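Computed over heavy atoms, backbone and side chain alike; hydrogens, waters and symmetry mates excluded. Everything numeric in this text was worked out from a predicted model, so none of it was measured. Nothing fancy with the numbering, it's 1 onward along the sequence.
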Amino acid sequence: MLAEDNELNREIAVELLKMTGMKIDCVSDGKEAVERFTTNGDDYDIILMDVQMPYMNGYQATEAIRKSGHPKAKTIPIIAMTANAFEEDKRDAIAAGMNGHIAKPIQLDKLLSMLAEVIRQQENC
């Protein structure tokens, strides 16, 4: 799932992800991400979560997903995507329950590296 409120950023991310062969389901805000996950969470292997979105930001959405009763709530990888790339932002993402952080603008090699690292972490659990 890709949670991104900016249409241009969403289009770019979708095109990059399609190049990897991934199937992408998009939502435009954090509230919608939580709703979609709690009803269809088994359909998702990873969530790419923008941090600054309306209605519910990415940190709030991540916390809500982690606290939900869905069987995958504690284990689904959630990656922050944000223009804020300081160490503090990375710490905030981890503190909110995210598994990683990638800075915008998204670079395909960094995205693939982050996805590979998260997958490795999941396999080692």
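Criterion: ILVMFWY side-chain heavy atoms under 4.5 Å apart, direct or through other members. Under it, Met1 and Val14 are not part of a common hydrophobic cluster. Grouping the Ile, Leu, Val, Met, Phe, Trp and Tyr side chains by contacts below 4.5 angstrom, directly or via other members, places Leu111 apart from Ile76. Hydrophobic cluster membership is shared by Leu112 and Leu2, with clusters built from Ile, Leu, Val, Met, Phe, Trp and Tyr side chains linked at under 4.5 angstrom. Ile24 and Val27 are assigned to two separate hydrophobic clusters, defined by single-linkage of ILVMFWY side chains at heavy-atom distances under 4.5 Å. Note: the hydrophobic cluster containing Leu16 also contains Val118 (ILVMFWY, side chain heavy atoms under 4.5 Å, direct or indirect links).
Contact between Thr38 and Ser68 at its shortest, heavy atoms only, is CG2-CB, 3.7 Å. Shortest non-hydrogen contact noted between Met49 and Met98 is CG-CE, 3.8 Å. The heavy-atom pair separating His70 from Gly41 by the smallest distance is NE2-CA, 3.4 Å. Of all non-hydrogen atoms in Thr20 and Met22, the two that sit nearest each other are OG1-CG, 3.1 Å. When all heavy atoms of Asp29 and Pro54 are compared, the pair lying nearest together is CB-O, 3.4 Å. When all heavy atoms of Asp5 and Ser28 are compared, the pair lying nearest together is CB-O, 3.1 Å.
Note: Met81 CE to Met114 CE = 11.5 Å, rounded to the nearest 0.5 Å. The SG atom of Cys26 sits 10.5 Å away from the CD atom of Glu7 when rounded to the nearest 0.5 Å. Distance check, rounded to the nearest 0.5 Å: CG of Asn57 to CD of Gln60 gives 4.0 Å. Within the model, atoms CD of Glu15 and CZ of Arg10 stand 13.0 Å from one another, a figure rounded to the nearest 0.5 Å. Rounded to the nearest 0.5 angstrom, Leu108 CG and Ile12 CD1 are separated by 12.5 Å. Annotation: the span from Thr82 atom OG1 to Tyr59 atom OH amounts to 6.0 Å, rounded to 0.5 Å.
Between the Thr62 side chain and the Gly58 main chain, a donor and an acceptor come within less than 3.5 Å of each other. Using modelled atom types, no side-chain atom of Glu11 and backbone atom of Leu8 make a donor-acceptor pair closer than 3.5 Å. Side chain of Asp50 to main chain of Met53: no donor-acceptor pair is present (N/O by atom type, distance under 3.5 Å, no hydrogens or angles). When atom types are taken as modelled, the side chain of Asn99 and the backbone of Ile78 share a donor-acceptor pair closer than 3.5 angstrom. Side chain of Ser113 to backbone of Lys110: no donor-acceptor contact under 3.5 angstrom is found.
Within a 6.0 Å radius of CG in Asp45, other residues, nucleotides and ligands contribute 12 heavy atoms or fewer.
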* Given the rule in the side chain to side chain contact (heavy atoms under 4.5 Å, CB included) test, do Lys72 and Thr75 qualify, once you have shown the distances and angles that lead to the verdict? -> CA-CA 5 Å; Lys72 292 174 71 173; Thr75 59; 4.3 Å; yes

* Asked: Can you list the steps and then say if Ile79 with Ile46 is a side chain to side chain contact (heavy atoms under 4.5 Å, CB included)?
  -> CA-CA 8 Å; Ile79 307 298; Ile46 193 165; 4.0 Å; yes

* To do: Test Ile65 against Ile47 for side chain to side chain contact (heavy atoms under 4.5 Å, CB included), laying out the working first.
  => CA-CA 10 Å; Ile65 287 169; Ile47 300 171; 3.8 Å; yes

* Would you please test Leu48 and Leu115 for side chain to side chain contact (heavy atoms under 4.5 Å, CB included) and show each step? => CA-CA 10 Å; Leu48 299 173; Leu115 294 175; 4.3 Å; yes

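A salt bridge does not link Glu63 with Arg66: none of the charged nitrogens is closer than 4.0 Å to a carboxylate oxygen. Salt bridge annotation for Asp43-Arg36: absent, with no cationic side-chain nitrogen under 4.0 angstrom from a carboxylate oxygen. Ion pair Glu117/Arg120 flagged as a salt bridge, since at least one NZ, NE, NH1 or NH2 atom sits closer than 4.0 Å to an Asp/Glu carboxylate oxygen.
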